[in-house]
Amino acid sequence: MTSATRDKVTSEGTKILPFSSGEGREIYRHSAAHIMAHALKKLYPDVKLAIGPATSEGFYYDFDYDTNFTQDELIRIEEKMREIIKADNPFIRKELTRQEAMELFRHAGEPYKVELLDEIQDEIVSIYQEGDFVDLCRGPHLPSTGRIKAFKLLSIAGAYWRGDERNKMLQRIYGTAFDSKDELNEYLNYLEEIKKRDHRRLGKELDLFSISDDIGPGLVLWHPRGAIIRKTIEDFWRDEHYKAGYHLLFTPHIARLDLWKKSGHWDFYRENMYSPVDVEGQEYEIKPMNCPFHIHIYKSHLRSYKELPIRFAELGTVYRYERSGVLHGLLRVRGFTQDDAHIFCREEQIEDEIQRVLDFTLFILRTFGFDRYDIYLSTRPEKYVGTLDGWERATSALKQSLEAKGLLHNIKPGEGAFYGPKIDIEIKDSINRAWQCSTIQVDFSIPERFDITYRGSDGKEHRPIMIHRALMGSLERFFGVLIEHYSGSFPLWLSPVQAVVFSIAERHAGYVSSVAMKLRDEGLRVELNVDNEKIGYKVRQAIASRIPYILVAGDKEVEDNTINVRRRDGTNLGALSIQETSSILMDDLKNRR
RNA sequence: GCCACCGUAGCUCAGCUGGUAGAGCAGCUGAUUUGUAAUCAGCGGGUCGGGGGUUCGAAUCCCUUCGGUGGCUCCA
């Protein structure tokens, strides 16, 4: 990377920053956003400018304009941008007083810029000029427009002014810019790769699940192949929970509205809950969470301090109202199953329990091939229940557990649940995208609302602390993430069909069927295909449906009592005995590969 | 919910400025008996998302409604 040409101009002078640095890239892309705004002003003089920052993957600019931009117009805008880049206009910084700047932008008919200036505290502000285009901007920028080597405009979307839905909807144009054509192409290929692994597309192609208009948006139908994957995940989850000292529960899907009033959900979570249903004059509510049920099981008899911690876990299906615009495949739905658990413990046990949960979570995630993650600690939101003191203690318990485990984390201020602070784990998938699934939340308030207690060693009543946690979050979302992570090529233990056995000609049908039978006896999910088709055709079909092992028998194999073994990735292991083949597959299964 | 775009066969899509629907794959039938990413031929399949309107005539134009997509806001 030739850093000498990636200068940025600051008020203190010129600094050299490579594109590869985060800051350098941001300046580069922010400059590209200015050029896009300039191009728009040239093409549509009446357009009003809002804001245009760089993002992690590119940049955008928000505009107010009375007619809507179309995809075709992006090409025109790009052409205009190329002209501006070719002109190689220098970016010139000017400083003026806030009043002068307001005059300037009021005169230029830029109400959004005036509004921004209204809220800036500083008396001196900076503007950047490039050619005949001036924008209010803190900077810095590239030395000149000609420094942009490669860019592309990607999409148009609506966006509220200042992100507030009460404000006017503006038009946002997204684009990206790179230091070279090659890097841009690499990024565009990455976008293609994302499309190829889209779980909605693969879900249909591989016949895993569907969401039907007739059933309702955000409600998932698990097809046989998806259901077997879910069943495998659930079995693993249940086994590991028993091993980790959890008790498994089942609870109903609806409960009296009063329960939700008592728990605080009706006051703090109503916008995500459905309207109550009438049952013989009593109001009942579909559950948006599982915790009140688990609390009632806790409360079903007197608890001793010796029993704690009590760990209740359930694959609990909940229903939450989500606004139609936010639904997205399996990743955002209205009905989903949480791998939920509630741990009741004494206050001095919190840290130890949270550390156990952290270990357990990371173990489960690693099993699915997620070994990179970011951890966040979310603190008290504006709407909350409980006392400030309780929040303080809960937050520090989470923080100390993370520190004890040596887990680096960032703080998300105000992002906690209404009943307590939480730790969120964002996993990184095979192409490095982040997904949030796991969450661990401390709750000092619900135990109080339901007045749950335990008998201490002193013979007195004490209040337990409750920890809510979900490791995969929801089975639906986790499944969606898994599909994208593996790009549909699930490891053998999760694959709906683990191997398929093909015959070369009809005369081998009996033999391959006996091979399939033997492998099925081992508990493997094996399909048989004796269709009257060429072997290339059958292999193609098997690869398209991501079957891990392709087993083929012709005259040779029948003669030697073997089977030819080929992996999904194209490696051919040659003719092996049925025994050898079975042990290769069983080995993958045992090691969850 | 908001803004934009989209909705044609099981799937992917074509159908220009209105003259009542087409391809590939998949499916079915037959021929072929095949050695690791597509054998050939024939056949069946659509109230063009739903409703309403304009028109002699609507997949095509208008309104409305339901879905989907990209974002915004919100979240497992």
Side-chain angles (χ1 to χ4, degrees), chain A residues 60 62 64 67-72 154-174 195 198 200-201 204-205 207 210-218 269 271-272 288-290 316 318 320-340 378 415 417 422 424-425 435-439 441 468-478 480-481 502-509 530-544 550-557 564-568 570-572 575:
Chain A
Y60 66 81
D62 286 348
D64 186 2
T67 48
N68 295 310
F69 299 121
T70 63
Q71 205 67 29
D72 300 338
L154 299 168
S155 61
I156 307 163
Y160 300 107
W161 166 235
R162 319 203 103 180
D164 190 325
E165 62 186 328
R166 289 166 302 196
N167 288 340
K168 185 167 185 188
M169 176 74 67
L170 307 175
Q171 296 186 67
R172 176 172 295 180
I173 300 181
Y174 281 92
K195 264 192 214 162
D198 190 313
R200 294 165 299 184
R201 172 204 183 106
K204 200 182 278 180
E205 256 175 51
D207 196 16
S210 64
I211 295 170
S212 156
D213 194 1
D214 296 329
I215 307 287
Y269 204 69
E271 58 191 28
N272 284 292
M289 293 199 188
N290 302 303
V318 297
R320 298 182 185 173
Y321 168 69
E322 297 287 356
R323 306 210 274 178
S324 56
V326 307
L327 299 173
H328 181 91
L330 294 175
L331 302 179
R332 192 74 181 275
V333 295
R334 287 185 175 153
F336 57 97
T337 301
Q338 291 183 303
D339 66 319
D340 209 358
S378 300
E415 298 280 307
K422 58 179 183 171
D424 290 326
I425 301 176
W435 305 93
Q436 202 237 293
C437 296
S438 315
T439 176
Q441 311 175 349
H468 308 244
R469 47 110 282 195
L471 313 185
M472 298 182 284
S474 96
L475 291 176
E476 284 74 7
R477 173 178 290 182
F478 195 71
V481 172
F502 294 147
S503 53
I504 296 283
E506 240 167 45
R507 62 182 175 280
H508 313 120
V530 293
D531 287 355
N532 183 9
E533 282 292 348
K534 293 174 97 167
I535 199 70
Y537 180 77
K538 295 194 203 179
V539 167
R540 185 185 156 78
Q541 278 184 318
I543 289 170
I550 296 168
L551 311 176
V552 181
D555 292 336
K556 257 190 318 195
E557 288 80 6
N564 185 279
V565 182
R566 176 196 158 124
R567 287 213 172 96
R568 182 165 53 191
T571 54
N572 198 319

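Treat the numbers as computed from the prediction; the structure is a model and nothing was measured. Note on naming: letters A, B, ... go to the chains in the order of the sequence lines (proteins, then strands), and numbering restarts at 1 for each one.
Only the C1' atoms considered, rC25(B) is 12 Å distant from rA9(B), to the nearest whole Å. When the C1' atom is used for both rA26(B) and rG45(B), the distance is 12 Å, rounded to whole Å. Using C1' as the reference atom, rG68(B) and rU54(B) are 28 Å apart when rounded to the nearest Å. rU29(B) sits 24 Å from rU47(B) when the P atoms are compared, rounded to a whole Å. With C1' as the reference atom, rC56(B) and rG15(B) are 23 Å apart, rounded to whole Å. As rounded to the nearest Å, rU69(B) and rC62(B) have P atoms that lie 24 Å from one another. One C1' atom belongs to rU73(B), the other to rU20(B), and the distance between them is 45 Å to the nearest Å. Rounded to whole Å, the C1' atom of rA59(B) lies 5 Å from the corresponding atom of rC48(B).
Between the CG atom of D214(A) and the P atom of rU65(B) there is a distance of 20 Å, given to the nearest Å. Per the geometry, CG belonging to N167(A) stands 14 Å off C1' belonging to rC3(B), to the nearest Å. When the C1' atom of rC3(B) is taken as reference, atom CG of L170(A) falls 10 Å away, rounded to whole Å. D64(A) places its CG atom 13 Å from the P atom of rA4(B), with the value rounded to the nearest Å. Separating the CD atom of E205(A) from the C1' atom of rG10(B) is a distance of 14 Å, rounded to the nearest angstrom. Between the C1' atom of rU36(B) and the CD1 atom of I535(A) lies a distance of 6 Å, rounded to the nearest Å. To the nearest angstrom, C1' of rU36(B) lies 15 Å from NE2 of H508(A). Per the geometry, OH belonging to Y537(A) stands 4 Å off P belonging to rA26(B), to the nearest Å.
Closest approach of E557(A) and N564(A) over heavy atoms only: OE2-CB, 3.6 Å. Minimum interatomic distance between S378(A) and D424(A) (heavy atoms only, all atoms of both residues): OG-OD2, 3.7 Å. Looking at every heavy atom in both residues, K538(A) comes nearest to D531(A) through NZ-O, 2.9 Å. A pairwise comparison of heavy atoms in D62(A) and R172(A) identifies OD1-NE, 2.6 Å as the closest pair.
Nucleotide rA4(B) has rU69(B) as its partner under the Watson-Crick or G-U criteria, with both atom distances under 3.5 Å. Within the shown strands, rA23(B) is the pairing partner of rU12(B) under the Watson-Crick or G-U definition, both distances less than 3.5 Å. Base pairing of rA41(B) is made with rU29(B), judged by Watson-Crick or G-U wobble geometry with both donor-acceptor distances under 3.5 Å. Nucleotide rG57(B) forms no Watson-Crick or G-U wobble pair with any nucleotide shown, as no partner meets the under 3.5 Å limit on both distances. Pairing for rU36(B) is absent, with no Watson-Crick or G-U wobble pair whose two atom distances lie under 3.5 Å.
Partners of Y269(A) according to the side-chain contact (heavy atoms from CB on, under 4.5 Å) rule, which considers only residues two or more places apart in sequence or in another chain, are H265(A), N272(A), M273(A), P288(A), M289(A), R320(A), F418(A). Residues that satisfy the ring-ring contact (aromatic ring centres under 6.0 Å, His included) test with F69(A), not counting sequence neighbours, are Y44(A), Y65(A). R201(A) is linked by a side-chain contact (heavy atoms from CB on, under 4.5 Å) to D198(A), E205(A), counting only residues two or more places apart in sequence or in another chain. Listed by chain and residue number, H223(A) satisfy the side chain to side chain donor-acceptor pair (under 3.5 Å) test with S210(A) (two or more places apart in sequence, or in another chain). The side chain to side chain donor-acceptor pair (under 3.5 Å) search around R566(A) returns none, not counting sequence neighbours. Looking at residues two or more places apart in sequence or on another chain, you find a side-chain contact (heavy atoms from CB on, under 4.5 Å) between Q541(A) and N529(A), Y537(A). Residues satisfying the side chain to side chain donor-acceptor pair (under 3.5 Å) criterion with Q441(A), sequence neighbours excluded, are Y419(A), T439(A).
For rU12(B), one of the phosphate oxygens OP1 or OP2 lies less than 4.0 angstrom from a side-chain nitrogen or oxygen of K204(A).
Residue-level contact check: E533(A) touches the bases, meaning some heavy atom is under 4.0 Å from a base atom. Nucleic acid contact for G554(A): base, since at least one base atom lies under 4.0 Å from a heavy atom of the residue.
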Treating primed atoms plus P, OP1 and OP2 as sugar-phosphate and everything else as base, which nucleotides of nucleotides 66-76 of chain B get B, S or - for protein heavy atoms under 4.0 Å? SSSSBBBBBBB
Tabulated below should be each protein N or O lying under 3.5 Å from an N or O of nucleotides 42-50 of chain B; please produce it.
none

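Closest to the side chain of E506(A), out of rU36(B), rG35(B), rU33(B), is rU33(B).
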